[in-house]
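In what follows, a structure is listed as structure tokens, so that the remarks can point back to it.
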Amino acid sequence: DVCCQLDYPCLYTVKGDRAVSARDAVRPDNSLCHFVLQYHKGDILEIGGRRYELPVSNRIIINYDSVHKTMPLQTDFLAYCQSHARQLTSYVMTGFNYVSDPDLLSDRIIEIGRHIDLLKEKNPDLMIYFEDSHFYRIDHKLTVYRALSSKMDLFGLNEEELVAFTQLLGYATDKNSLPSILGALE
């Protein structure tokens, strides 16, 4: 269903050595479940026979993902991007949060860092977007930030991630206060 909704002529991804539609990129051998449960302030949640009124609007993201814990890098995708770098306008870095092995994380940081350097060498105007997310290990988050932040043009994170990130830097941020958020962004 999702692939059908993403089936637009100008929206594509890479499979092998060519650009293909989302529908043509699906691989039934790798099943990944990613659920986003959005809820509103005042909603009632029933768990184990108990009722809870939710004090704020938010979301819970639940993953079952045995693939991304190794952060597999598709060499055909990397090669395609490198050979078409001048045609790219933006590039998203994400997925480091799933990696639990520190040696593997270090390897992926090096590989992605080299890849981004090659892309930027061929296309200095390429916008590199880093999509933050919840890391299972905070030391991994810091490792990724330290190693790759100089390669990022845009840094995407939600309110909770902004609060957690600025807290690591010693800056208290109130996600419900616009002046506090603006101060954190500075």
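Of the possible polar contacts, none joining the Ser177 side chain to the Asp174 backbone as a donor-acceptor pair under 3.5 Å is found. Without hydrogens or angle criteria, Glu161 side chain to Asn158 main chain gives a donor-acceptor distance under 3.5 Å. Looking only at distances, a side-chain donor or acceptor of Ser149 sits under 3.5 Å from a matching main-chain atom of Tyr145. Remark: the backbone N or O of Ser180 is not paired with any side-chain donor or acceptor of Thr173 at under 3.5 angstrom. Checked by atom type and distance alone, the side chain of Asn123 never pairs as donor or acceptor with a backbone atom of Gln87 at under 3.5 Å. For the pair Asp132 (side chain) and Gly156 (backbone), a donor-acceptor distance under 3.5 Å is absent. In this structure a side-chain-to-backbone donor-acceptor pair under 3.5 Å is present from His140 to Val99. For the pair Arg108 (side chain) and Thr70 (backbone), a donor-acceptor distance under 3.5 Å is present.
Shown here for Thr94 and Met71, the closest heavy-atom pair between the two residues is O-CE, 3.8 Å. Nearest approach of Ala184 to Thr166, heavy atoms of both residues: CB-CG2, 3.6 Å. Looking at every heavy atom in both residues, Tyr80 comes nearest to Ala19 through OH-CB, 3.6 Å. When all heavy atoms are compared, the tightest approach of Leu126 to Leu119 is CD2-CB, 3.6 Å.
Between Leu54 and His40 the shortest side-chain heavy-atom distance does not fall below 4.5 Å. Looking at Asp107 and Glu111, their side chains come closer than 4.5 Å, going by heavy atoms from C-beta outward. Looking at heavy atoms from C-beta onward, Pro55 lies out of side-chain contact with Lys41 at the 4.5 angstrom threshold. Side chains of Ser57 and Tyr39 form no contact here, defined as non-hydrogen atoms less than 4.5 Å apart. At least one side-chain heavy atom of Met93 sits less than 4.5 Å from a side-chain heavy atom of Ile128. Counting heavy atoms from C-beta outward, Phe96 and Leu105 have side chains that approach closer than 4.5 Å. Taking the side chain as every heavy atom from C-beta outward, Lys175 and Leu162 never approach each other to under 4.5 Å.
Electrostatic pairing of Asp117 and Lys122 does not count as a salt bridge here, judged by no charged N lying under 4.0 Å from a carboxylate O. Using a 4.0 Å cut-off between charged nitrogen and carboxylate oxygen, Lys120 and Asp125 do not count as a salt-bridge pair.
Using modelled atom types and a 3.5 Å distance limit, the side chains of Glu131 and Tyr129 yield a donor-acceptor pair.
In this structure, CE on Met152 lies 10.0 Å from CD1 on Ile116, to the nearest 0.5 angstrom. With rounding to the nearest 0.5 angstrom, the CD1 atom of Ile112 is 4.5 Å from the CG atom of Leu73. Distance check, rounded to the nearest 0.5 Å: OG of Ser106 to CG of Leu104 gives 9.0 Å. For the atom pair Asn97 CG and Arg137 CZ, the distance stands at 13.5 Å (nearest 0.5 Å). Distance check, rounded to the nearest 0.5 Å: NZ of Lys141 to OG1 of Thr143 gives 12.0 Å. The distance from the CZ atom of Phe165 to the CD atom of Glu160 is 16.0 Å, given to the nearest 0.5 Å.
At a threshold of 4.5 Å between side-chain heavy atoms, the hydrophobic network of Ile, Leu, Val, Met, Phe, Trp and Tyr places Leu169 and Leu148 in one connected group. Residues Tyr52 and Val56 fall into different hydrophobic clusters, defined by Ile, Leu, Val, Met, Phe, Trp and Tyr side chains chained together at heavy-atom separations under 4.5 Å. Under a hydrophobic-cluster definition in which Ile, Leu, Val, Met, Phe, Trp and Tyr are linked whenever side-chain heavy atoms come within less than 4.5 Å, directly or via other members, Leu157 and Ile181 are assigned to the same cluster.
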Dump the intermediate steps for side chain to side chain contact (heavy atoms under 4.5 Å, CB included) on Met127 and Leu154, then the final yes or no. CA-CA 7 Å; Met127 186 69 60; Leu154 293 173; 3.9 Å; yes

Are Glu159 and Val163 close enough, and set up right, to give a side chain to side chain contact (heavy atoms under 4.5 Å, CB included), and what steps lead you there? CA-CA 6 Å; Glu159 311 84 52; Val163 169; 5.6 Å; no

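Here His115 and Phe77 keep their ring centres 6.0 angstrom or further from each other.
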